[in-house]
Every structure is written in C-alpha cells, then in structure tokens.
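Report on the structure given below.
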Number of protein chains: 2
Amino acid sequence: MTKIETGPQKPKRRKAARPGEILQAGLEEFAISGLAATRLEDIAQRAGIAKGTIYRYFDSKEDLFMAVVRSRLVLSLDQFEEMVTNYPGPTDALLRQVLTGIYKQFVGSDISGVIRILISEGPRFPGLVDIYHKEVTSKGVTILTHIIKRGIERGEIRDGPAAREPRLIMAPTIMAILWDLTFKAQDPIDIEEYLTAHIDIILHGLSA
Amino acid sequence: MTKIETGPQKPKRRKAARPGEILQAGLEEFAISGLAATRLEDIAQRAGIAKGTIYRYFDSKEDLFMAVVRSRLVLSLDQFEEMVTNYPGPTDALLRQVLTGIYKQFVGSDISGVIRILISEGPRFPGLVDIYHKEVTSKGVTILTHIIKRGIERGEIRDGPAAREPRLIMAPTIMAILWDLTFKAQDPIDIEEYLTAHIDIILHGLSA
DNA sequence: GGAATTTTAATGACTTTTGAGTCATTATCT
DNA sequence: AGATAATGACTCAAAAGTCATTAAAATTCC
C-alpha cells in the first residue's frame with residue numbers, strides 16, 4: 001500500500017519536447033481517433049513526455065486541437081500557382097504536371113489526416129472549416145480555373161459545362177485520399193495507375 | 001436543496017419510441033458528432049425519450065452505434081444494377097440516368113451521414129468498413145464496370161486507362177456529398193449544374 | 001572557469017468533471 | 001391485477017485538468 005507518495009520521480013529529457021513535437025503527435029492521434037476519443041495521455045506518450053507537460057504549451061485539449069489543425073492548414077499551393085502562371089507548353093502537359101505534383105504531395109501525407117479531421121469535426125468547428133475553405137480549397141479552385149481559362153484561350157480546351165466546374169478536376173484526387181484512408185486494407189489503390197487514368201479521363205473530357 | 005428525490009415523475013408516451021426512432025436519432029447525432037462526442041442524453045432527447053429507455057433496446061452506446069450504422073449500410077443499389085442489365089439505349093443516356101439517380105438518392109441524405117461516420121470512425125471499426133466495402137463500394141464499382149464494358153462492346157466507349165478505373169466515374173459524386181457536408185455554409189454546390197458538368201466530362205472523357 | 005543560486009521545464013499523483021450505465025419507482029398496457 | 005415500458009436520480013469509471021515537487025538549464029558571483 002505505498003500509495004500516497006506525491007511528486008515526480010524522473011523528469012528526463014530537456015531541450016527537445018518542443019511544442020512542435022506535441023503538435024505532430026497530436027495530429028497523428030487526432031487523425032486516427034478524432035478530438036473526443038483521443039486521450040491526452042496517448043498524445044503525451046507518442047511525444048515521449050508526460051501529460052502535464054502538454055499544459056505548459058496549450059491551455060486545454062481543445063486548444064491543442066485547434067493549434068494542431070491550424071499548424072497544418074496553410075500548406076503551400078504556391079508552387080502550383082507558380083507552375084501555372086509561368087508554364088510555356090500545352091495544357092495537357094501542364095495538367096499532367098500539376099496533378100502529379102498534387103498526388104505526390106497529398107496522398108498518404110499529413111494532409112490526409114487533416115482532411116479526415118475536417119470532415120469529422122467540421123460541424124463543431126466551423127471556424128476551421130472556414131479557414132480551410134479560404135486557404136486551401138478556394139485557392140485550389142482558382143488554380144484549376146486558371147488552367148482551364150488558359151486552355152480555352154489556347155484553343156486546347158473546349159468551353160462547356162465541365163469547364164465551368166473546376167472541382168470536377170480535383171474530385172478524383174480527393175477520392176483517392178479518402179479511399180486510401182478508409183479502404184487501404186480492403187482494396188488498396190495503385191496510385192500510378194489511378195493517376196494515369198485520372199489524367200486520361202480529364203484530358204479527354206475537356207479537350208476541344 | 002430539494003435534491004434526493006428518487007423515482008421518475010412523468011413517463012409519458014407509450015407505443016412509439018420504438019428502436020427505429022432511436023436508430024434515426026442516433027444516426028443524426030452520430031453523423032454530426034461522431035461516436036465519442038455524442039452523449040446518449042442527446043440521442044434520447046432527439047428521440048423524445050429518456051436516456052434509460054435506450055438501454056431497453058441496446059446493450060451499450062457502442063452497441064447502438066453499430067446498430068445505427070448497420071441499419072443504413074445496405075441501401076439498395078439493386079435498382080441501378082437492374083437499370084444497367086435491362087437498358088436498351090445508348091451508353092450516354094444510361095450513364096446519365098444512373099448518375100442522376102445516384103445524386104437524387106445520396107446527396108444530402110442519410111447516406112451522407114453514414115459516409116461521414118465511416119470516414120471518421122473507420123480506423124476503430126474495421127468490421128464496418130469491411131461491410132460497407134463489400135455491400136456498397138464494390139457493388140457500385142461492379143455496376144460502373146458493367147456500364148463501361150457494355151459501352152466498349154457497343155463501340156461507344158474507348159478502351160484505355162480511364163475505362164479501367166471505374167472509381168473515377170463516381171469520384172465527383174463522393175466529392176459532392178462531402179462538399180455538401182463540409183462546405184455547404186461557405187460555398188454551396190448547385191447540384192443540377194454540377195451533375196450536368198459531371199456527366200459532360202465523363203461522357204467526353206470516355207467516348208470513343 | 002566553476003560553485004552557488006535563481007529560473008524554467010517537466011513530472012505524475014491527485015482532484016474534478018463528465019457522461020455511461022443502473023435500478024427502484026411509476027405509468028401504461030393487456 | 002399483473003406484466004411491461006419508461007423514467008431520471010444515482011453510482012461509478014475514465015479522462016481532463018491541477019499542482020507540489022524535482023530535474024535541468026541559465027544566470028550570478030567569486
């Protein structure tokens with residue numbers, strides 16, 4: 001019955017265990033279990049620290065959650081934007097390059113975790129949805145709109161309903177991310193093949 | 001301080017409050033908040049009953065959760081299957097009919113709730129993911145594969161990478177469902193237009 | 001440069017809160 | 001009148017959040 005024995009025994013590491021590590025551990029846990037089902041103790045364990053340490057950097061579980069999502073929300077689409085504005089060649093090659101880059105960067109990455117979190121927790125965190133929509137989604141739509149506009153001007157893309165709905169171009173990407181998150185065990189996607197097929201159907205679907 | 005006052009005051013309704021009502025209320029709450037964050041009290045309130053009543057029909061919160069998802073998992077794709085096998089006309093009209101039917105039936109329906117639940121809770125309920133994959137996803141893929149095969153045989157669809165990846169055809173549908181769940185407030189989808197564009201790009205993307 | 005001292009980081013036992021699950025009591029049905 | 005359905009106050013376990021205590025780092029002083 002040696003129980004009442006207050007105080008800690010072995011505070012070890014120093015220097016590391018920075019907020020960044022907590023954010024990373026938090027992302028990994030939240031992406032799997034969501035906000036409510038994730039225990040701070042799990043995050044602490046994954047980060048190799050004690051639960052109490054989290055409270056030195058974040059006010060509450062929810063505060064940590066917000067910080068986690070915000071920290072991964074911005075993600076640079078700038079490279080793609082630049083690709084589009086500077087690209088000299090034909091539209092099909094440009095689209096191929098942009099889509100390839102997006103797959104490489106997103107499928108199976110931290111970003112897919114953020115997307116799952118957003119879908120799951122969106123209703124209780126409209127603020128986060130708002131930021132994501134502004135920072136990521138609508139930027140993506142803008143880039144795709146540019147590609148289409150450019151293609152129409154060059155006479156490579158036909159104008160029509162499809163050209164007015166840029167979300168169609170990225171739909172297969174979103175689906176691949178979610179498929180990978182959800183059905184990887186049952187029925188894994190071969191990303192190479194899928195990407196090839198994606199580019200193929202989009203190029204034929206839009207071409208003049 | 002009139003607190004300790006055991007026993008109930010007003011058991012009201014009889015006859016209604018059947019398991020079905022609890023399942024419906026459960027679906028609505030679970031779809032918004034997920035398993036962990038949903039309180040049985042919320043479900044009870046939505047169903048217009050007391051918390052204890054739930055335990056007459058379900059053993060535990062998790063048992064109710066499983067029952068909720070299972071109850072909405074099967075959903076008939078049979079009508080679409082039948083459409084495909086019996087359809088006499090050209091592929092574009094068939095595809096138009098099938099896609100229109102899917103949008104009408106799925107976007108904004110109970111099914112979108114189930115899809116959100118599956119994405120959110122999948123990692124902790126691989127059994128449910130398994131059932132959904134077998135009962136819904138792979139059936140959907142089969143139907144689309146039939147359409148494509150039929151189209152190739154009739155000389156209306158070109159063979160190629162896109163024809164080997166039927167998931168591409170339904171990707172915009174999935175995206176519309178999730179977009180509606182997540183970004184309705186920021187940026188609602190006009191389903192009529194979106195569907196038109198979807199059919200347009202797919203038909204051009206696949207046509208011979 | 002290094003011992004002594006102050007400041008800051010980290011710990012985990014403890015407290016508090018929250019919500020799942022129970023059950024004695026009461027209404028309604030047969 | 002007996003059986004069944006429903007209730008909500010209550011119990012209890014689990015996890016969020018606190019804090020006295022200790023380790024390590026930074027600073028001061030000689």
Side-chain angles (χ1 to χ4, degrees), chain A residues 1-26 28-30 32-69 121 124-125, chain B residues 1-26 28-30 32-69 121 124-125:
Chain A
M1 295 301 166
T2 27
K3 258 316 165 53
I4 293 158
E5 168 85 15
T6 206
Q9 270 70 12
K10 46 188 158 105
K12 272 175 228 134
R13 307 199 295 151
R14 310 298 348 288
K15 170 128 130 287
R18 220 117 322 281
E21 292 181 23
I22 299 175
L23 288 175
Q24 180 61 31
E28 287 161 13
E29 291 290 332
F30 286 137
I32 293 173
S33 304
L35 172 58
T38 297
R39 291 171 313 158
L40 286 180
E41 199 114 24
D42 295 338
I43 295 175
Q45 189 169 359
R46 188 183 279 262
I49 60 177
K51 184 177 62 163
T53 305
I54 294 174
Y55 287 91
R56 179 162 305 279
Y57 300 102
F58 305 95
D59 290 344
S60 67
K61 186 181 176 181
E62 190 170 313
D63 181 49
L64 169 60
F65 174 76
M66 299 282 273
V68 163
V69 180
E121 314 286 350
R124 260 143 309 118
F125 295 92
Chain B
M1 298 300 166
T2 27
K3 259 309 163 60
I4 293 159
E5 168 85 17
T6 206
Q9 270 71 11
K10 46 192 156 100
K12 271 173 227 135
R13 305 198 296 151
R14 311 292 350 288
K15 169 132 131 286
R18 219 117 326 277
E21 292 181 22
I22 299 175
L23 288 175
Q24 181 60 31
E28 288 162 13
E29 291 290 333
F30 286 138
I32 294 173
S33 304
L35 173 58
T38 297
R39 291 171 314 158
L40 286 180
E41 199 116 21
D42 295 338
I43 296 174
Q45 188 169 0
R46 188 184 282 262
I49 60 177
K51 184 175 65 161
T53 305
I54 294 174
Y55 286 91
R56 180 161 303 278
Y57 300 102
F58 304 95
D59 290 344
S60 66
K61 185 182 177 180
E62 192 170 311
D63 181 50
L64 169 59
F65 174 75
M66 299 284 273
V68 163
V69 179
E121 313 286 350
R124 260 142 310 114
F125 295 92

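The chains referred to below are lettered A, B, ... by the order of the sequence lines, with proteins before strands, and numbering in each begins at 1.
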Check the phosphate of C/dA10 against A/Tyr57, side-chain N and O only, distance under 4.0 Å to OP1 or OP2. Yes or no? yes

Protein-nucleotide distance (B/Leu40, atom CG; D/dT7, atom P), rounded to Å: 14 Å

In whole angstrom, what separates B/Ile49's CD1 from C/dT28's P? 16 Å

Contact nearer the 5' end of DNA chain D, comparing A/Gly52 with B/Ile54: B/Ile54

Can you confirm whether B/Leu64 sits close enough to B/Asp59 that some side-chain heavy atom of one is under 4.5 Å from a side-chain heavy atom of the other? no

For the residue pair A/Phe65 and A/Phe30, categorise the inter-ring angle as parallel (less than 30°), tilted (30 to 60°) or perpendicular (more than 60°). perpendicular

Could you tell me if the side chain of A/Tyr57 sits less than 4.5 Å from the side chain of A/Glu21, heavy atoms only? no

Could you tell me how far apart B/Ile22 (CD1) and D/dA5 (P) are, to the nearest whole angstrom? 12 Å

How long is the span from the CD1 atom in A/Ile49 to the CZ atom in A/Arg56, to the nearest 0.5 Å? 11.0 Å

Using atom CG of A/Leu64 as one end and atom P of D/dG17 as the other, report the distance to the nearest whole Å. 10 Å

Starting at atom CG of A/Asp42, determine the distance to atom P of D/dA14, rounded to an integer number of angstrom. 14 Å

To the nearest Å, how far apart are B/Tyr55 OH and D/dA9 P? 17 Å

Rounded to whole angstrom units, what separation is found between the CZ atom of B/Arg56 and the C1' atom of C/dT22? 12 Å

Scan A/Arg39 against the nucleic acid and name what it touches under 4.0 Å (heavy atoms): base, sugar-phosphate only, or nothing. sugar-phosphate

Whole-Å distance between C/dT17 P and A/Glu62 CD? 18 Å

Is the base of C/dG19 touched by the side chain of B/Lys51 through a donor-acceptor pair closer than 3.5 angstrom? no

Residue-phosphate contact under 4.0 Å: B/Lys61 side-chain N/O, C/dA20 OP1/OP2: yes

